[in-house]
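Beneath this line is the structure, given in structure tokens, with notes to follow.
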Amino acid sequence: MKLNLEQIPREKTLSKKEFVQKYFKPQKPVVIERFIEDWPAYSKWSLDYVKEVAGDKEVPLYDDRPVKHDEGFNEPHAKMKMSDYVDLLKSGPTKYRIFLWNVLKEVPVLQKDFYYPDFGLRLMKGLPMLFFGGEDSHTFMHYDIDLANIFHFHFEGKKQCILFSQSETKYLYKIPHSLITREDIDFADPDLEKWPALQHAKGHITELEHGNVLYIPEGYWHHMKYITPGFSMSLRAVARKPRNFGLAVYNIFVMRHFDNLMRKFKGQKWIDWKNEKAVERTQKLLLQK
Ligand SMILES: O=C(O)CCC(=O)C(=O)O
Ligand SMILES: [Fe+2]
């Protein structure tokens with residue numbers, strides 16, 4: 001048995017009008033294959049180029065170890081120079097990833113290599129973020145705290161992306177008071193006997209190659225698996241649907257602080273409780289079906 005995933009449609013190019021009508025309004029994902037061919041980044045951006053312009057920067061690295069209280073929240077698991085990291089990526093599989101690296105702030109010259117595309121949405125200009133991963137590494141299934149619309153541009157190598165809309169949350173073993181699902185689910189090859197509710201979830205899948213851009217609609221869950229080493233840039237636009245905007249405000253101003261407080265007071269017990277709750281709640285919904 002496999003997950004119920006449909007291929008994300010692919011378009012060679014797409015006008016603003018077509019994008020809004022066909023994908024933004026109905027909130028459907030799409031891959032645009034040749035959208036950035038006029039960006040300098042299209043011919044320039046590679047791991048070697050990043051090594052050249054940012055080799056001396058120290059970068060925070062994350063692997064796939066589950067959240068633990070004593071390791072702090074969002075604390076990097078290791079640090080190294082970008083030049084060493086690129087060498088590591090090229091030397092073979094590694095779990096180490098860079099998650100949310102602010103390009104503008106860290107390496108301003110990279111700004112000249114891309115434009116803010118006009119998709120009819122107002123993009124947040126201060127927040128172009130970069131993500132890197134080694135062969136076989138993955139970003140846990142999550143949705144972003146602000147439930148933004150995401151344009152995810154991929155460079156060098158291949159990356160598998162699995163998406164679910166918020167309507168599927170009930171089948172995904174979501175951890176309460178957080179933005180992730182159970183971290184021990186391997187979405188690229190899930191054990192459906194252990195996680196039976198996943199059979200009911202309807203999702204989307206694609207593989208990105210250099211120069212492709214994936215539109216991720218508001219609040220969609222995303223799981224990324226780097227098939228070969230590579231990196232991506234995300235540009236974001238604020239959630240427009242009132243429900244999503246409301247959830248974003250709740251997550252940023254309430255959920256996050258409540259969760260931090262509970263971690264402080266209850267420590268690992270809080271994390272263990274949430275992990276159990278994720279299964280309990282999902283099983284309960286399954287019985288009601
Ligand atoms: O590609 C990745 O490693 C993660 C991307 C992501 O989570 C995002 O763009 O919001
Ligand atoms: Fe994300």
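Just so you know, ligand 1 is whichever comes first in the structure, and atom 1 is the first atom listed for that ligand.
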Of the options Arg34, Lys22, Lys28, which is the one that meets Glu11 in a salt bridge (Lys or Arg N to Asp or Glu O under 4.0 Å)? Lys22

Identify, for atom 2 (C) of ligand 1, the protein heavy atom at the shortest distance, and state residue, atom and that distance. Thr139 OG1, 3.3 Å

For atom 9 (O) of ligand 1, closest protein heavy-atom neighbour: Ser234 OG, 2.5 Å

Hey, which atoms in ligand 1 end up nearer than 4.0 Å to a heavy atom of Tyr226? 1 (O), 2 (C), 3 (O)

Could you state the interatomic distance from CG (Leu14) to OH (Tyr215), rounded to the nearest 0.5 Å? 11.5 Å

Tell me: protein heavy atom nearest atom 1 (O) of ligand 1, and distance? Lys159 NZ, 2.6 Å

Say you draw a straight line from CG of Asn149 to CD of Glu218; how long is it, rounded to the nearest 0.5 Å? 4.5 Å

Pick, from His138, Met224, His142, the option with the minimum heavy-atom distance to atom 7 (O) of ligand 1. His142

Judged by modelled atom types alone, do Lys274 and Ser178 share a side-chain donor-acceptor pair under 3.5 Å? no

Do any heavy atoms of Phe99 fall under 4.0 Å from ligand 1? yes

Quick one: the NE2 of His222, the Fe ion (ligand 2), OD1 of Asp144 angle, rounded to 10°, please. 90°

Should Ser232 be counted as touching ligand 1, given the test is an N or O pair under 3.5 Å? no

Answer with yes or no whether His222 contacts ligand 1, where contact means a heavy atom under 4.0 Å from a ligand atom. yes

Taking atom NZ as the centre, does Lys241 end up with more than 12 heavy-atom neighbours from other residues, nucleotides or ligands that are less than 6.0 angstrom away? no

Could you tell me the separation between the CG atom of Leu121 and the CZ atom of Arg240, rounded to the nearest 0.5 Å? 5.5 Å

Could you list which atoms of ligand 1 come closer than 4.0 Å to a heavy atom of Ile150? 10 (O)

What is the nearest protein non-hydrogen atom to atom 4 (C) of ligand 1, stated with its residue, atom name and distance? Phe131 CD2, 3.5 Å

Ligand 1-proximal atoms of Met129, by part, heavy-atom distance under 4.0 Å: neither

Suppose I only count heavy atoms of His152 and a 4.0 Å limit; which atoms of ligand 1 are within that range? 1 (O), 5 (C), 9 (O)

Shortest protein heavy-atom distance from atom 10 (O) of ligand 1, along with the residue and atom involved: Asp144 OD2, 2.9 Å

Phe19 vs Phe151 aromatic rings, parallel, tilted or perpendicular, using cut-offs 30° and 60°? tilted

Nearest 0.5 angstrom please: Leu172 CG to Ile180 CD1, how far? 12.5 Å

Whether Phe131 and His152 hold their rings parallel, tilted or perpendicular, with breakpoints at 30° and 60°: tilted

